[in-house]
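Some notes on the structure that comes next.
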There are 2 protein chains.
Amino acid sequence: MAAYPPLNSLRAFEASIRLNSFSLAAEELNVTPGAVGQQIKKLEDWLGMELFTRSVRQVRPTADGLDYAARIGPALRQIVDASQQVRGRSDRSVRVVMPPSFAAKWFSRRMARFLIDYPTTSLHVGSQSQMIDFNRDPVDIAVRYFDGCDDSLETVLLYRGRAAAYCAPSYRDHMGVAKPSDLVRATLLNDILHAWWPEWLGAYAGVSAADVSTITQIEIDQTSMAIEAAIHGQGVVLANPLLTEEDIAEGKLVHLFPEQVLTVPFGYYLVHPKNRALRGQVKLFRDWLLAEAQELASD
Amino acid sequence: MAAYPPLNSLRAFEASIRLNSFSLAAEELNVTPGAVGQQIKKLEDWLGMELFTRSVRQVRPTADGLDYAARIGPALRQIVDASQQVRGRSDRSVRVVMPPSFAAKWFSRRMARFLIDYPTTSLHVGSQSQMIDFNRDPVDIAVRYFDGCDDSLETVLLYRGRAAAYCAPSYRDHMGVAKPSDLVRATLLNDILHAWWPEWLGAYAGVSAADVSTITQIEIDQTSMAIEAAIHGQGVVLANPLLTEEDIAEGKLVHLFPEQVLTVPFGYYLVHPKNRALRGQVKLFRDWLLAEAQELASD
DNA sequence: TTCAATGAAATAGAAAAGCTATATCATGGC
DNA sequence: GCCATGATATAGCTTTTCTATTTCATTGAA
């Protein structure tokens with residue numbers, strides 16, 4: 001299965017087609033004309049066809065040659081472009097991925113500071129909730145919401161997972177929610193990723209798991225949408241205090257029972273592959289992010 | 001301007017990323033693992049970045065490596081595909097280009113015969129009126145309507161250019177066209193490429209160039225459209241008898257003055273570059289086409 | 001017409017690249 | 001604890017690739 005043509009010959013071929021001359025191509029490639037001729041011949045032998053017709057003092061591409069050039073030209077250009085780009089940036093860039101809710105509610109407000117402190121860094125932020133695979137996706141470092149157990153990863157806890165109850169102020173007043181057990185009359189917004197209502201109600205309202213299911217619930221598969229729904233008076237959401245900071249400050253949400261915050265066995269972890277040397281800027285970013293998280297955790 | 005990465009290294013790199021192992025890549029490439037390692041290192045040195053992190057007993061791609069792989073992968077695949085295709089067909093294919101009118105009116109009816117006689121041949125027919133450049137377009141041979149003078153080309157006259165007058169039978173009867181000079185009352189369909197009305201009328205109707213311009217004319221830039229217009233009773237067209245064969249046979253057109261056919265200094269020529277060895281199938285095609293033309297010319 | 005200049009082919013030998021073989025090493029499974 | 005594994009490192013060998021030269025047929029200028 002010798003699927004590849006002699007790749008180095010393609011360089012000589014491309015230049016020869018473009019310049020219509022082995023000599024000029026040789027000049028461009030800083031070799032002798034003979035070398036180009038030999039490369040072309042090798043390619044012709046491999047392909048089993050003539051790419052140029054040789055007449056005296058000049059070569060001219062055959063139809064086959066032109067056809068082949070048209071097919072491989074773009075590919076070669078792509079290789080050159082990709083190599084240039086990769087060679088250029090890289091050291092100055094950091095690729096990070098995090099859950100959408102974390103990106104929207106926590107990271108977005110702090111990102112600008114990083115870029116100001118490290119102006120030469122180019123930051124590529126991806127947001128997705130499914131776990132990325134460092135062996136398949138071009139990502140340097142990630143924030144992941146999980147239990148922190150993964151042998152292949154270096155993990156640092158940013159924030160322990162917590163579940164606190166939030167709703168719109170008007171919703172609280174309208175429903176007359178004053179103590180945890182009042183929630184049996186409310187609508188529970190149940191975010192799949194933070195589905196801790198049974199535990200929360202069990203711990204703070206003395207509601208059994210069976211009774212929980214009798215309460216009106218809305219399932220929402222995106223954390224930020226669940227919070228958004230709470231803001232719009234659709235019910236009460238269990239969320240990590242991290243994610244509601246801003247909405248609380250703006251008065252859109254109220255924290256219903258500040259004393260009743262459930263600690264859950266999940267957390268926001270900063271993760272990167274074990275044994276992978278972090279490039280300079282990635283390390284900077286990591287340290288910065290840890291410091292930012294520390295600051296808030298000390299509140 | 002060393003724009004190209006070491007191309008051969010890309011093979012080893014691609015396989016290593018795909019298989020996540022230098023050893024497996026080496027196996028696939030039929031070399032020793034050491035060779036792969038050296039190739040990868042060479043590429044890393046050229047790019048100035050780590051593509052894999054080496055831990056004991058295993059390598060793992062870095063984010064940069066995955067990114068680079070994603071960029072060059074498609075390009076490599078394109079090169080392989082193009083090479084396979086080109087290698088495969090080629091000898092059995094013929095690429096020919098001809099004017100649209102010739103393709104539609106003359107060639108299309110004969111093409112099938114060629115494919116039946118030479119069933120293994122794959123024929124790529126292009127039709128365009130502008131002159132193709134054998135040094136830029138992947139074309140083996142062409143039919144060109146011109147004066148036959150081009151030092152860089154081998155030319156064989158297929159048909160001398162002729163200008164004969166045609167119109168729909170109904171149009172002839174309705175306009176009462178009986179002799180050439182009656183055409184001063186008709187509408188002349190003037191095809192840019194065969195604009196011989198002044199010469200024709202001068203030779204056969206004794207009409208001066210100045211008087212020709214007083215006759216109603218419609219300019220049409222495509223020969224087959226001019227003929228089509230004549231079929232639909234829009235006027236009288238000057239065309240090469242070659243192109244009207246079928247329409248005459250079907251009674252859609254009539255040849256107005258069979259004795260008055262102007263020979264013009266153009267013609268349909270079969271052309272291919274001088275000094276370009278014609279591949280087997282192209283030669284066959286050329287001979288077949290010449291024979292077909294001969295047959296008709298002897299009528 | 002002659003004659004130098006041109007651009008490619010052919011070939012031998014030098015240089016470079018690439019591969020193998022081997023030794024070494026750290027780890028994970030038995 | 002020991003062996004198998006899959007990487008690295010290095011030296012030396014093989015193959016590839018390039019250069020240097022000669023040869024050749026033609027073009028274009030004198």
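Residue numbers start from 1 in every chain, and the chains themselves are labelled A, B, ... in the order their sequence lines are given, proteins ahead of strands.
- When the side-chain nitrogen and oxygen atoms of Lys41(B) are compared with OP1 and OP2 of dT8(D), none of them lie within a distance under 4.0 Å.
- In this structure, CD1 of Ile40(A) is placed 16 Å from C1' of dT16(D), rounded to the nearest angstrom.
- Remark: C1' of dA10(C) and CZ of Arg54(A) are 13 Å apart, rounded to the nearest angstrom.
- A side-chain N or O of Trp106(B) and one of Tyr159(B) form a donor-acceptor pair less than 3.5 Å apart.
- Ring geometry, Phe146(B) versus Tyr269(B): the interplanar angle exceeds 60°, so the pair is classed perpendicular (tilted spans 30 to 60°).
- Both the sub-6.0 Å distance and the 45° axial angle are not jointly satisfied by Arg110(B) relative to the ring of Trp288(B).
- We find that CZ of Phe52(A) is positioned 14 Å from C1' of dG7(C), with the value rounded to whole Å.
- Contacts of Thr32(B) with the nucleic acid, taken as non-hydrogen atoms under 4.0 Å apart, include base atoms.
- Between Phe102(A) and the options Phe107(A), Tyr145(A), Tyr268(A), a ring pair (Phe, Tyr, Trp, His ring centres under 6.0 Å) holds for only Tyr268(A).
- Rounded to a whole Å, the CG atom of Leu51(B) is 15 Å from the P atom of dA7(D).
- Atom CG of Leu19(B) and atom P of dG6(D) are 13 Å apart (whole Å).
- Across dC18(D), dA7(D), dT20(C), the shortest atom-to-atom separation from the side chain of Val59(B) is found for dA7(D).
- Between Gln58(B) and dT27(C), a side-chain N or O to OP1/OP2 separation shorter than 4.0 Å is absent.
- Positionally, the nearest nucleotide of DNA chain C for Arg57(A) lies more toward the 5' end than for the other of Asn30(B) and Arg57(A).
- Put simply, CZ on Arg60(A) is 15 Å from P on dA9(C), counting in whole angstrom units.
- Among the nucleotides dT19(D), dG7(C), dC19(C), the one closest to the side chain of Val31(B) is dC19(C).
- Computed from coordinates, the Glu44(B) CD to dA7(D) C1' distance equals 13 Å when rounded to whole Å.
- Look at Ser21(B) and you won't find any side-chain N or O under 4.0 angstrom from OP1 or OP2 of dG6(D).
- One interatomic measurement links the two molecules: CH2 of Trp46(A) to C1' of dT16(D), which rounds to 18 Å at whole-angstrom precision.
- Put simply, the side chain of Gln38(A) and the base of dT19(D) share a donor and an acceptor less than 3.5 Å apart.
- Taking the six-membered ring where the residue is Trp, the centroids of Phe22(B) and Phe52(B) are separated by under 6.0 Å.
- In terms of position on DNA chain C, the residue among Phe22(A) and Asn8(A) whose nearest nucleotide sits closer to the 5' end is Phe22(A).
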